[in-house]
Amino acid sequence: MGWHVRNPNLRWPVTLPDSIREQPVVSVGRRAKYLLINLPAGALIVHLGMSGSLRIADPNAAPGKHDHVDLLFTPDTVLRYNDPRRFGSIHWQRNPVMEHPLLRALGPEPLGLEFDGAYLKRQARGRRVGVKNFIMDAHVVVGVGNIYANEALFLSGLRPTARAGRVTRAGYERLATAIRRVLGNAIAMGGTTLRDFVNSDGNPGYFQQSLYVYGRAGEPCRLCATPLKGIRTGQRASVFCPTCQAAGNFGGRDV
DNA sequence: ATAGTCACCTGAGCGC
DNA sequence: TGCGCTCAGGTGACTA
């Protein structure tokens, strides 16, 4: 697989070895939010950050402003990496790929078998961090970004600031279920488009129509009409319903 | 080990 | 029309 780096200044400098030019793509995969383009000797690890995208392009087409990297598959097929904010990254890792520092310490996949309420309860023992920051920690579970963390906490009736170690087993059963449900629904609806996101079909997602709390601070709760409250936790916007996510409720509730 | 903060970056939105 | 400011977010690095 050939490559051409136009601007190496992504989150980390992009440095790819010439040796991979000889190698065919064997398969593609994913771990957390990292895409894995597998070659015989290792893998390209690609993260799209906040604003990245990959598009098939004609190699002769003039690159756009933020088309930083081309991955060349055939003489007339290029996969073009575009990322206005450059929060994304591209690394090469020789086998075994999971030994890469970015991958080796990641928690389980939220839609996988080992992720459930018992797992979360076990991991939360003794932790004083807020439950929202806790589930956004990739060492605990991967894939739960800010939008989906807010939504999952609403669905399980837990306040974002509830100390992780105080949430009960029942609370974590609800939360694990809510995380799987939110992610599953979002995937089924093509993702969440707040501004200009388009999914791999080139279409915007429409999960944003299903949002209960994210981006709705000050607006009425869709269940009880109480004005939603916006706060900041861990430098990120958190929104919750003071009624549906009552302070001191560590067991959650079903919505 | 844990918790909290900072940094990276651009484009959109807003007030003037 | 333009200028400057604020905000958004994934996640590793850093500090205490």
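Note on naming: letters A, B, ... go to the chains in the order of the sequence lines (proteins, then strands), and numbering restarts at 1 for each one.
At the heavy-atom level, A:Phe134 lies nowhere under 4.0 Å from the strands shown. Heavy atoms of A:Leu102 sit under 4.0 angstrom from primed sugar atoms or phosphate atoms, though from no base atom. Within 4.0 Å (heavy atoms only), A:Arg232 reaches sugar-phosphate atoms of the nucleic acid but no base atom.
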Task: Stepwise side chain to side chain donor-acceptor pair (under 3.5 Å) test for A:Asp83 and A:Tyr81 - done: CA-CA 7 Å; A:Asp83 188 1; A:Tyr81 179 94; 3.0 Å; yes
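When rounded to the nearest whole Å, the span between CG of A:Asn82 and C1' of B:dG11 equals 13 Å. A straight line from CZ of A:Arg125 to C1' of B:dA1 spans 16 Å, rounded to a whole angstrom. For the pair A:Asn7 CG and B:dC9 C1', the computed distance is 12 Å after rounding to whole Å. A:Arg86 has its CZ atom 13 Å from the C1' atom of B:dG11, to the nearest Å. The nearest whole Å value for the distance from the CZ atom in A:Arg31 to the P atom in C:dT11 is 12 Å. One interatomic measurement links the two molecules: CG of A:Asn146 to P of C:dC7, which rounds to 15 Å at whole-angstrom precision. For the pair A:Ile135 CD1 and C:dG10 P, the interatomic distance rounds to 12 Å; values are reported in whole Å. Rounded to an integer number of Å, the gap from CH2 of A:Trp12 to C1' of C:dA13 is 10 Å.
Nearest-nucleotide mapping onto DNA chain B: of A:Asp83 and A:Gly234, the residue sitting toward the 5' end is A:Gly234. Between A:Gln235 and A:Leu106, the residue anchored closer to the 5' end of DNA chain C is A:Gln235, taking for each the nucleotide with the nearest heavy atom.
A single hydrophobic cluster is seen to contain both A:Phe250 and A:Val129, as judged by linkage of ILVMFWY side chains at heavy-atom distances under 4.5 Å, directly or through other members. Placement of A:Leu120 and A:Leu155 within a single hydrophobic cluster is found when ILVMFWY residues are connected by side-chain heavy-atom separations under 4.5 Å, directly or transitively. Hydrophobic clustering of Ile, Leu, Val, Met, Phe, Trp and Tyr side chains at less than 4.5 Å, counting indirect connections, unites A:Ile20 with A:Val28. With hydrophobic clusters built from ILVMFWY side chains whose heavy atoms lie under 4.5 angstrom apart, A:Leu102 does not share a cluster with A:Leu16.
Below the 3.5 angstrom threshold, one finds a donor paired with an acceptor across the side chain of A:Arg236 and the base of C:dG10. A donor N or O paired with an acceptor N or O is found under 3.5 Å between the base of C:dT11 and the side-chain atoms of A:Arg11.
When distances run from any side-chain atom of A:Arg85 to the nucleotides B:dT10, B:dC6, C:dG12, the shortest one goes to B:dT10. Each of C:dA8, C:dG10, B:dT10 was ranked by its minimum atom distance to the side chain of A:Ala237; first place goes to C:dA8. Side-chain proximity of A:Arg128 to C:dT11, B:dG11, B:dA3: nearest is B:dA3. Minimum atom distance to the side chain of A:Val129 is reached by B:dG4, of the listed B:dG4, C:dG12, B:dT10. Here the nucleotide nearest the side chain of A:His66, chosen from C:dG12, C:dG10, B:dG11, is B:dG11.
Stacking here means ring centres nearer than 5.5 Å and ring planes tilted less than 30 degrees, and by that measure A:Phe87 does not stack onto C:dT11.
The phosphate of B:dG11 (OP1 or OP2) has a side-chain N or O of A:Lys65 nearer than 4.0 angstrom. Considering only side-chain N and O atoms, A:Tyr148 lies nowhere under 4.0 angstrom from the phosphate OP1 or OP2 of C:dG10. Within the 4.0 Å cut-off from OP1 or OP2 of C:dG10, not a single side-chain nitrogen or oxygen of A:His47 is found.
Each of A:Asp70, A:Leu71, A:Val69 was scored for a side chain to side chain contact (heavy atoms under 4.5 Å, CB included) with A:Val78, with one residue passing: A:Asp70.
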